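Down below is the structure, laid out as structure tokens.
Because the structure is a prediction, the values reported are computed rather than measured. Position 1 is the first residue of the sequence, and the numbers go up from there.
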Amino acid sequence: MTTRIEAAWEKSTTAENYERYLVPVLFEPWARTLVDLVGPRPGERVLDLACGTGVVARKAAAAVGPTGSVTGVDLNEDMLSLARRHTPSGGAPVTWKQADALDTGLPGDAFDVGFCQQGLQFFPDRLLALRELHRVMAPGGRVALSVWCDDRSPGFHPFESAFEETLTTPGPAVRFLHAIFDLADPAELHRLITEAGFTNVRVTRVTRTVRCASAHAWVEAFLDAAPLPPIPEPERDTVASKVTWRLTPCVANGLAFPVAANVALAES
């Protein structure tokens, strides 16, 4: 089964752009947050669900060391191919597996720690994916998940109005922006994780500051690397100009803007 985001990736962008532009400024700092919150221990078995190019898996591999193991699962083979090229030489061995989050094909009770960074909101059946995650976790295992929850973030919100004003058919691009923040309600996230069978569920809103060299650099990074539908070049240039201008209040020695995520911790 292809998720909404995977379908978009196949049409509009590349794993290389994602790893080059978005991981350093957006996903790597949050990966540190997730791994630090769980605190994987040497020798533990780790699953990174919807691993993308593997930023969480790489950090977990360093934490559990050579006596541990890490498995990264993603539906997109291009993302996994890049993850394999970036597999660290030290730490735990990492296995990369192409599979649907709703049916991973992994054995039950196989992992001590599970992560899912910014994937759950895009799954077509979130509860089924969480039940699958619960199935593969060992009793007493710990999981950490994060989903964006700040649709008014000044780094993202200007794109919506620019799309609506500029694009001949703005609907698909606007719907993708909404999908990013589609699990913003912490009570809904808590309910889903609990219903999937996890215990001691805690959901906390965490805000971090995204920093980029300039507003122009952030806008180009997002347009080049996010799984947006194809945008014709003239319209793309106009969107970029409008968003860059609207980000001016966030610019002072580079661009900085806040973005928040719901971070959930639970036990299996």
Side-chain angles (χ1 to χ4, degrees), residues 1-10 15 18-19 27 30-31 34-35 38 40 43-61 63-64 68-88 91-147 179 182-183 189 191-199 201 227 263-268:
M1 182 182 296
T2 301
T3 66
R4 293 189 297 264
I5 192 166
E6 289 299 342
W9 270 106
E10 291 167 2
Y18 175 90
E19 175 70 20
F27 294 107
W30 285 93
L34 282 189
V35 174
V38 173
E44 289 192 311
R45 303 161 298 170
V46 177
L47 172 65
D48 182 8
L49 188 64
C51 65
T53 56
V55 61
V56 173
R58 293 194 293 269
K59 292 186 180 303
V64 300
S69 64
V70 176
T71 299
V73 172
D74 203 276
L75 190 60
N76 189 303
E77 181 55 37
D78 288 341
M79 301 284 265
L80 292 173
S81 295
L82 191 60
R84 293 184 185 101
R85 298 205 299 269
H86 287 268
T87 301
V94 182
T95 300
W96 305 103
K97 177 180 173 64
Q98 184 181 22
D100 194 320
L102 279 58
D103 183 12
T104 64
L106 295 167
D109 301 343
F111 299 97
D112 306 300
V113 177
F115 294 105
C116 183
Q117 175 172 255
Q118 304 304 337
L120 182 62
Q121 66 266 49
F122 297 108
F123 296 156
D125 190 326
R126 297 161 182 167
L127 181 56
L128 183 58
L130 287 169
R131 285 175 171 161
E132 174 67 359
L133 177 60
H134 185 269
R135 182 189 69 80
V136 302
M137 296 299 298
R142 296 109 62 211
V143 299
L145 307 95
S146 64
V147 293
D182 198 37
L183 201 45
L189 180 59
R191 182 194 67 79
L192 285 168
I193 297 172
T194 302
E195 191 172 338
F198 291 97
T199 60
V201 180
V263 176
L265 302 177
E267 297 175 5
S268 58

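- Side-chain atoms of Leu47 and Val136, non-hydrogen and from C-beta on, do get closer than 4.5 Å to each other.
- Counting only residues at least two apart or in different chains, side-chain hydrogen bond (donor to acceptor under 3.5 Å, both in side chains) contacts with residues 106-117 comprise Arg45-Asp112.
- Legend: residues meeting salt bridge (Lys or Arg N to Asp or Glu O under 4.0 Å) with Glu132, ordered by chain and number and at least two apart, are Arg135.
- Counting only heavy atoms from C-beta outward, the side chains of Leu130 and Cys116 never approach each other to under 4.5 Å.
- Considering only residues two or more places apart in sequence or on other chains, Glu267 meets the salt bridge (Lys or Arg N to Asp or Glu O under 4.0 Å) condition with none of them.
- By the 4.5 Å heavy-atom criterion applied to side chains, Phe115 and Val38 are counted as neighbours.
- The nearest pair of heavy atoms linking Ala83 to Gly54 is CB-N, 4.3 Å.
- Atom OG1 of Thr53 and atom CG of Asp74 lie 9.0 Å apart (nearest 0.5 Å).
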Apply salt bridge (charged side-chain N to carboxylate O under 4.0 Å, His left out) to residues Glu195 and Arg126 and explain how you reach the verdict. CA-CA 11 Å; Glu195 191 172 338; Arg126 297 161 182 167; over 6 Å; no
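- Phe198 pairs by the ring pair (Phe, Tyr, Trp, His ring centres under 6.0 Å) definition with His134, not counting sequence neighbours.
- The NE2 atom of His86 sits 6.5 Å away from atom CZ of Arg58, with the distance rounded to the nearest 0.5 Å.
- No side-chain heavy atom of Val94 sits under 4.5 Å from any side-chain heavy atom of Thr71.
- Interatomic distance, CG of Leu49 versus OG1 of Thr104, reported as 7.5 Å (0.5 Å rounding).
- At a threshold of 4.5 Å between non-hydrogen side-chain atoms, the residues Val56 and Trp30 do not count as touching.
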Carefully, step by step, assess Leu106 and Phe111 under the rule side-chain contact (heavy atoms from CB on, under 4.5 Å). CA-CA 10 Å; Leu106 295 167; Phe111 299 97; 3.8 Å; yes
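- Here Leu183 contributes atom CG and Phe123 contributes atom CZ; the two are 11.0 Å apart, rounded to the nearest 0.5 Å.
- Contact of the Leu189 side chain with the Leu120 side chain is registered, since non-hydrogen atoms from C-beta on lie closer than 4.5 Å.
- The ring pair (Phe, Tyr, Trp, His ring centres under 6.0 Å) search around Trp96 returns none, not counting sequence neighbours.
- Two residues are said to be in side-chain contact when any heavy atoms from C-beta on lie closer than 4.5 Å; Leu82 and Arg85 meet this criterion.
- Taken from CE in Met79 to CD in Glu19, the straight-line distance is 8.5 Å, to the nearest 0.5 Å.
- Closest approach of Ala31 and Val55 over heavy atoms only: CB-CG2, 3.9 Å.
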Take Leu265 and Val143 through the test side-chain contact (heavy atoms from CB on, under 4.5 Å) and record every step on the way to the result. CA-CA 6 Å; Leu265 302 177; Val143 299; over 6 Å; no
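- Leu80 CG to Lys97 NZ: the interatomic distance, rounded to the nearest 0.5 Å, is 10.5 Å.
- Taking the side chain as every heavy atom from C-beta outward, Val263 and Leu34 approach each other to under 4.5 Å.
- Across every non-hydrogen atom of Gly72 and Cys51, the tightest pair is C-SG, 3.6 Å.
- Between Ile193 and Ala266, the shortest heavy-atom contact is CG2-CB, 3.9 Å.
- When all heavy atoms of Ser146 and Gln121 are compared, the pair lying nearest together is O-OE1, 4.4 Å.
- With sequence neighbours excluded, the residues satisfying side chain to side chain contact (heavy atoms under 4.5 Å, CB included) with Leu128 are Leu102, Asp125.
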